[in-house]
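Single-structure report; data block below.
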Amino acid sequence: MSYAKVLCVGLVGVTGHLVEVEADLAPGLPTVVLSGLPDTALNEARDRVRAAVVNSGQRWPNRRITLNLLPATLPKHGSAFDLAIAAALLGGSGELPLAPLDKVAVLGELGLDGTVRPVRGVLPMVAAAARAGITRVIVPVENAAEASVVPGVHVRAVDSLHRLVGFIRDGAPLLTPPSPSPAPPRPGPDLADVAGQELGRRALEVAAAGGHHLALIGPPGAGKTMLAERMPAILPQLDDEAALEVTALHSIAGLLPPDGRLIRRPPFQAPHHTATVASLVGGGSGLARPGAVSLAHRGVLFLDETPEFQRGTLEALRQPLESGRISLNRSRGGTEYPAQVQLIAAANPCPCAKPAGDVACECPPLTRRRYLARLSGPLLDRIDVQVTLAPLRAAELMDSGRTVESSTVVAARVGRARAAAAARWADGGWRVNAEVPGPHLRRPPWRLPTRDTEALRKLLDCGVLSARGFDRVIRVAWTIADLDGRDRPEAADIDEATQLRTGSVG
């Protein structure tokens with residue numbers, strides 16, 4: 001037999017596609033031709049596979065070898081095809097009967113000595129194979145725990161090409177992935193550690209309950225960073241669907257821990273203020289890799305010292321904050337990644353940022369305005385909750401006898417509020433209030449009475465609020481009502497939402 005076929009999986013962004021690896025061996029000048037839109041790493045597979053086959057004790061066929069990856073129009077990248085190419089090549093040469101690999105997806109990178117090395121993106125690859133009806137996969141042993149989290153798929157692992165050959169030829173057993181053990185809960189930072197800042201704590205709770213973006217402005221030491229770092233502790237754990245999405249993104253980026261467990265805690269990304277556009281929204285040559293905004297999907301993106309970021313970097317966040325997705329077009333094609341994040345932006349009120357506040361500030365008014373103007377109006381308009389924190393007083397900092405709610409207590413309230421919102425918006429498929437479109441809230445039966453929104457309408461007519469800002473205040477009002485256990489917002493809820501947005505009531 002001079003033809004053989006083995007199944008593999010290719011990734012385009014976070015989406016996997018089933019790929020057929022074909023091998024045809026024909027008389028002629030010995031050479032290897034690889035087709036099917038391979039990238040540089042995949043083109044180099046010819047040399048890796050040749051060395052791995054020979055060093056595994058197998059005979060390299062001295063014939064013209066044509067390798068094709070179907071569908072040919074789909075860009076292929078990475079080294080995950082190595083093991084499937086080697087199996088197809090040995091099957092086409094007659095060395096191996098490939099019946100044991102019928103309807104089996106084979107993934108793995110080959111070392112020159114025949115060892116099978118781990119690859120990125122195994123979780124979305126195996127999930128794509130399962131969607132295509134493939135129920136058996138063979139993966140590198142280091143990726144076995146990660147692959148086994150996909151339900152309904154029988155996973156076996158290999159550590160060398162020699163072990164795979166033994167399985168195909170003699171039926172030798174493959175390696176079994178270890179049984180996943182529950183990860184011990186890791187204690188995170190607690191809200192009880194934050195001194196004072198009742199307004200900041202309230203803003204954080206409202207933002208967490210409704211999935212709203214949050215801006216914290218205040219002097220150094222006021223607690224902006226402490227509050228932001230405690231946001232994941234009060235967010236609900238990720239459900240199965242969200243955990244698979246988040247874990248798949250981290251698998252593509254190569255950031256999964258060795259145990260390969262699903263990521264259940266909402267991720268927290270805090271890029272440095274020198275971050276580039278590509279590192280924040282995604283980039284790279286060929287097909288773009290996910291950036292910090294996608295790695296924070298279903299979690300928190302914290303921008304500390306936000307005015308110090310490059311203006312173009314901040315402006316690149318406008319579209320993903322609005323749509324929850326980031327589309328990147330590169331020379332080898334377009335890629336789309338999910339980017340449904342909660343943004344927390346922290347900023348000092350001025351460049352000198354004297355902790356004593358305005359009294360000791362040495363910056364002229366124009367300098368202060370220019371500093372905060374680095375956060376453009378269109379970007380701030382997308383941030384639902386914007387609060388200014390006051391400097392801490394000695395009494396607040398040294399009061400050891402105070403009773404402060406812990407993250408556990410606040411998280412319970414946030415969980416109840418999110419559950420109420422999810423039940424209310426179930427027909428539309430929205431999970432939190434921040435996802436509900438404005439037109440939906442302005443139509444019956446969700447439209448609020450005119451008497452309750454009269455002050456808010458005046459702010460819109462006076463230009464204090466934009467139409468987007470109007471809708472976002474309404475969403476925050478619904479979140480406040482959910483936290484208080486009420487079915488609909490009242491006038492007081494709208495007033496508090498307005499204050500959290502503009503710093504003034506009515």
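- Looking at heavy atoms from C-beta onward, Val341 lies out of side-chain contact with Val300 at the 4.5 angstrom threshold.
- Gln340 and Glu245 are not linked by any side-chain donor-acceptor pair at a separation below 3.5 angstrom, with hydrogens and angles left out of the test.
- Considering only residues two or more places apart in sequence or on other chains, Asp304 meets the salt bridge (Lys or Arg N to Asp or Glu O under 4.0 Å) condition with none of them.
- Interatomic distance, CZ of Arg230 versus CG of Asp190, reported as 7.5 Å (0.5 Å rounding).
- Scanning both residues, Val404 and Leu191, for their nearest heavy atoms gives CG1-O, 4.2 Å.
- Checking side-chain atoms of Thr306 against main-chain N and O of Leu303 turns up a donor-acceptor pair under 3.5 Å.
- Among pairs with a residue in residues 144-153, none fulfils salt bridge (Lys or Arg N to Asp or Glu O under 4.0 Å), at least two apart in sequence or across chains.
- With contacts defined as side-chain heavy-atom distances shorter than 4.5 Å, the pair Val473/Leu465 qualifies.
- Side chain of Ser466 to main chain of Gly469: a donor-acceptor pair is present (N/O by atom type, distance under 3.5 Å, no hydrogens or angles).
- Trp430 meets the ring-ring contact (aromatic ring centres under 6.0 Å, His included) test with His440; sequence neighbours excluded.
- Side-chain N or O atoms of Thr502 include none that pairs as donor or acceptor with a backbone N or O of Gln499 at under 3.5 Å.
- Applying the side-chain contact (heavy atoms from CB on, under 4.5 Å) rule to Thr313 yields the partners Val277, Leu280, Phe309, Gln310; only residues at least two apart in sequence or on another chain are considered.
- Tested against Leu83 for a side-chain contact (heavy atoms from CB on, under 4.5 Å), the candidates Leu161, Val6, Val49 yield a single pass: Leu161.
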Test log, rule side chain to side chain donor-acceptor pair (under 3.5 Å), inputs His77 and Asp39: CA-CA 5 Å; His77 62 92; Asp39 68 350; 4.7 Å; no
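- No side-chain heavy atom of Phe302 sits under 4.5 Å from any side-chain heavy atom of Met231.
- Looking at residues two or more places apart in sequence or on another chain, you find no salt bridge (Lys or Arg N to Asp or Glu O under 4.0 Å) involving Glu142.
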Derivation of the side-chain contact (heavy atoms from CB on, under 4.5 Å) call for Glu496 and Arg202: CA-CA 11 Å; Glu496 184 180 357; Arg202 175 63 172 173; 2.8 Å; yes
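- For the pair Asn433 (side chain) and Gly211 (backbone), a donor-acceptor distance under 3.5 Å is absent.
- Contact check on Arg163 versus Asp159 returns a salt bridge, with a Lys/Arg side-chain nitrogen under 4.0 Å from an Asp/Glu carboxylate oxygen.
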Which donor-acceptor pairs under 3.5 Å do side chains of residues 9-22 form with protein atoms, sequence neighbours excluded?
{"unit_1": "Glu22", "atom_1": "OE1", "unit_2": "Asn68", "atom_2": "ND2", "d": "3.1"}
{"unit_1": "Glu22", "atom_1": "OE2", "unit_2": "Tyr3", "atom_2": "OH", "d": "2.6"}

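- Of all heavy-atom pairs between Ala233 and Ala411, the closest is O-CB, 3.8 Å.
- Panel note: side chain Lys224, backbone Gly218; a donor-acceptor pair is recorded below 3.5 Å.
- Under the 4.5 Å side-chain criterion, counting only non-hydrogen atoms from C-beta, Pro140 is not in contact with Val158.
- Other residues, nucleotides and ligands contribute at most 12 non-hydrogen atoms within 6.0 Å of the CD atom of Gln319.
- If you take CG on Leu448 and CZ on Arg488, they are separated by 6.0 Å, rounding to the nearest 0.5 Å.
- Listed for the His213 side chain is a donor-acceptor partner under 3.5 Å among the backbone atoms of Leu343.
- In this structure, Arg318 places its CZ atom where more than 12 heavy-atom neighbours from other residues, nucleotides or ligands lie under 6.0 Å away.
- Proximity of a side-chain donor or acceptor of Ser148 to a complementary backbone N or O of Pro177 within less than 3.5 Å is not detected.
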Ser294 and Ile326: CA distance, side-chain angles, deciding distance, side-chain contact (heavy atoms from CB on, under 4.5 Å) verdict: CA-CA 8 Å; Ser294 293; Ile326 179 75; 3.4 Å; yes
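- Side-chain contact between Pro124 and Ser251 is present, with at least one heavy-atom pair separated by less than 4.5 Å.
- Without hydrogens or angle criteria, Glu109 side chain to Arg117 main chain gives no donor-acceptor distance under 3.5 Å.
- Side-chain atoms of Thr479 do not come within 3.5 Å of backbone N or O of Val206 as any donor-acceptor pair.
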Chi angles and distances behind the side-chain contact (heavy atoms from CB on, under 4.5 Å) call for Leu74, Leu37: CA-CA 7 Å; Leu74 182 75; Leu37 292 184; over 6 Å; no
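- Side-chain atoms of Trp478 and Asp493 include no donor-acceptor pair closer than 3.5 Å.
- For residues 406-427, every residue pair satisfying the salt bridge (Lys or Arg N to Asp or Glu O under 4.0 Å) rule, not counting sequence neighbours, is listed here: Glu205-Arg413, Glu405-Arg413, Arg424-Asp482.
- Closest non-hydrogen pair, Leu110 versus Ala52, comes out as CD1-CB, 3.9 Å.
- With hydrogens and angles ignored, the 3.5 Å screen pairs a side-chain donor or acceptor of His250 with a backbone N or O of Val246.
- Partners of Ala215 under the side-chain contact (heavy atoms from CB on, under 4.5 Å) rule, at least two apart in sequence or in another chain, are Ile383, Gln386.
- Residues passing the side-chain contact (heavy atoms from CB on, under 4.5 Å) test with Ala243, sequence neighbours excluded: Leu238, Leu262, Arg264.
- Here the side chains of Val385 and Arg501 are not in contact, with every heavy-atom distance at 4.5 Å or above.
- By the salt bridge (Lys or Arg N to Asp or Glu O under 4.0 Å) test, Glu322 is found to be paired with Arg382, Arg468, Arg472, residues two or more places apart in sequence or in another chain being considered.
- Proximity of Leu107 to Cys8: side-chain heavy atoms (C-beta onward) are separated by under 4.5 Å at one or more points.
- Listed by chain and number, the residues in a side-chain contact (heavy atoms from CB on, under 4.5 Å) with Glu308 are His273, Glu305, Tyr371, Arg374 (sequence neighbours excluded).
- The shortest side-chain heavy-atom distance between Leu34 and Lys76 does not fall under the 4.5 Å cut-off.
- Around the CZ atom of Arg431, the shell of radius 6.0 Å holds more than 12 heavy atoms that belong to other residues, nucleotides or ligands.
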Donor-acceptor list for residues 129-139 side chains, cut-off 3.5 Å, not counting sequence neighbours:
{"unit_1": "Arg136", "atom_1": "NH2", "unit_2": "Asp102", "atom_2": "O", "d": "2.8"}

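- We find the CG-CG distance between Leu301 and Leu317 to be 6.5 Å, quoted to the nearest 0.5 Å.
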